[in-house]
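All values derive from a computational prediction rather than experimental measurement. Basis for what follows: all heavy atoms, side chains included, without hydrogens, waters or symmetry-related copies.
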Amino acid sequence: MSTPPEIDLSLYLVVDRPQLERAGHDPVTAVRDAVAGGVTAVQVRDKQLPTRDTLAFCAALAETLPPSVAIIVDDRVDVVLAARANGVRLAGVHVGQSDLPAHLVRRLLGPDAVIGVSAQTAAMAREAEAAGADHLGIGAVHGTTTKADAPAVIGVEGVAAVAAATALPAVAIGGISAADLPDLRRAGLDGAAVVSAICSSPSPFDAAAELRRAWEGAR
């Protein structure tokens, strides 16, 4: 039986396409530049983009990014299924607490898909692990305006406590900047998920490179 691939979560870009466009960037080019700067995994998250356009965006990223960079789609199991049926390289999906349960996502996508789950408490983390999740997204570290239903702020210590509740790899999310990365890495997180730190930057490459230096400097 196949299993999900191990992916590098250390610098996880959650793509905010409208934010990239407001900053004057072509989204596909900006994501490619961010990967060149040090991003290791990419999540496509866009609640407003029509399904066909989301599928096309994912396909364009898959053609542009190196195979070592996992591409994950937020929430849209249907997009992942359609993309895979059309031969598009997508690693899997990320689901929140109000999305499809992880155990059903596993049944739909199969054993080789990567499934990330949002968790804000130790109980949520343990439930996700029991349901077959591959990694956790934990937050919020800080307050953020990039997600309308963003979870409550729990800070670095809170994120670390949730991560310690399971053996799953975990990334922190929520208003994260380069200044947070040393504390997050020392707290035992496997990576950080960032949105505005890259998407609102004049140079996605430079922003990613700064974040990469901060993460590596904490070793």
Side-chain angles (χ1 to χ4, degrees), residues 4 7 9 12-19 41-55 57-58 61 70-84 90-111 113-156 158-176 184 189-197 199:
I7 63 176
L9 297 166
Y12 186 156
L13 171 61
V14 179
V15 180
D16 187 322
R17 190 184 50 83
Q19 196 172 143
V42 171
Q43 182 188 130
V44 175
R45 187 178 78 186
D46 196 322
K47 302 296 187 182
Q48 280 72 50
L49 199 64
T51 300
R52 286 193 179 192
D53 293 341
T54 302
L55 183 59
F57 183 50
C58 290
L61 290 179
I71 303 171
I72 295 169
V73 183
D74 179 60
D75 182 20
R76 300 298 304 273
V77 176
D78 58 332
V79 170
V80 178
L81 284 168
R84 288 182 154 202
L90 294 184
V93 71
H94 185 93
V95 292
Q97 291 296 312
S98 61
D99 297 327
L100 285 176
H103 72 277
L104 291 180
V105 175
R106 176 64 69 202
R107 289 176 65 182
L108 289 167
L109 294 183
V114 172
I115 300 176
V117 176
S118 297
Q120 292 82 50
T121 67
M124 289 179 183
R126 287 190 288 267
E127 182 179 358
E129 184 176 34
D134 297 299
H135 64 265
L136 301 171
I138 305 172
V141 177
H142 304 293
T144 177
T145 59
T146 63
K147 197 169 188 287
D149 57 346
V153 173
I154 58 175
V156 173
V159 167
V162 175
T166 81
L168 293 178
V171 298
I173 191 168
I176 291 172
L184 289 169
L189 274 297
D190 296 276
V194 298
V195 187
S196 297
C199 293

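- His135 is not listed as a side-chain neighbour of Asp190, based on a closest heavy-atom distance of 4.5 Å or more.
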message: Set out, in order, the CA-CA distance, both residues' side-chain angles and the distance that settles side-chain contact (heavy atoms from CB on, under 4.5 Å) for Thr166 and Met124, then state yes or no.
response: CA-CA 10 Å; Thr166 81; Met124 289 179 183; over 6 Å; no
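- Residues passing the salt bridge (Lys or Arg N to Asp or Glu O under 4.0 Å) test with Asp46, sequence neighbours excluded: Arg17.
- Atom CD1 of residue Ile115 and atom CG of residue Leu136 lie 12.0 Å apart, to the nearest 0.5 angstrom.
- Annotation: salt bridge (Lys or Arg N to Asp or Glu O under 4.0 Å) contacts of Asp75 (sequence neighbours excluded): Lys47.
- Heavy-atom contacts from other residues, nucleotides or ligands closer than 6.0 Å to CD of Gln97 number more than 12.
- Of the options Val195, Ile72, Val194, a side chain to side chain contact (heavy atoms under 4.5 Å, CB included) to Tyr12 is made by Ile72 and by none of the others.
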task: Under the side-chain contact (heavy atoms from CB on, under 4.5 Å) rule, what do Cys58 and Val80 come out as? Steps first, then yes or no, please.
output: CA-CA 9 Å; Cys58 290; Val80 178; over 6 Å; no
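- Side chains of Leu100 and Leu108 form a contact here, defined as non-hydrogen atoms less than 4.5 Å apart.
- Rounded to the nearest 0.5 Å, atoms CZ (Arg45) and OG1 (Thr54) are 13.5 Å apart.
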message: Leu184 vs Ile176, test: side-chain contact (heavy atoms from CB on, under 4.5 Å). Steps then yes/no.
response: CA-CA 10 Å; Leu184 289 169; Ile176 291 172; 3.9 Å; yes
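- For the pair Ile138 and Ile154, the minimum side-chain heavy-atom distance is below 4.5 Å.
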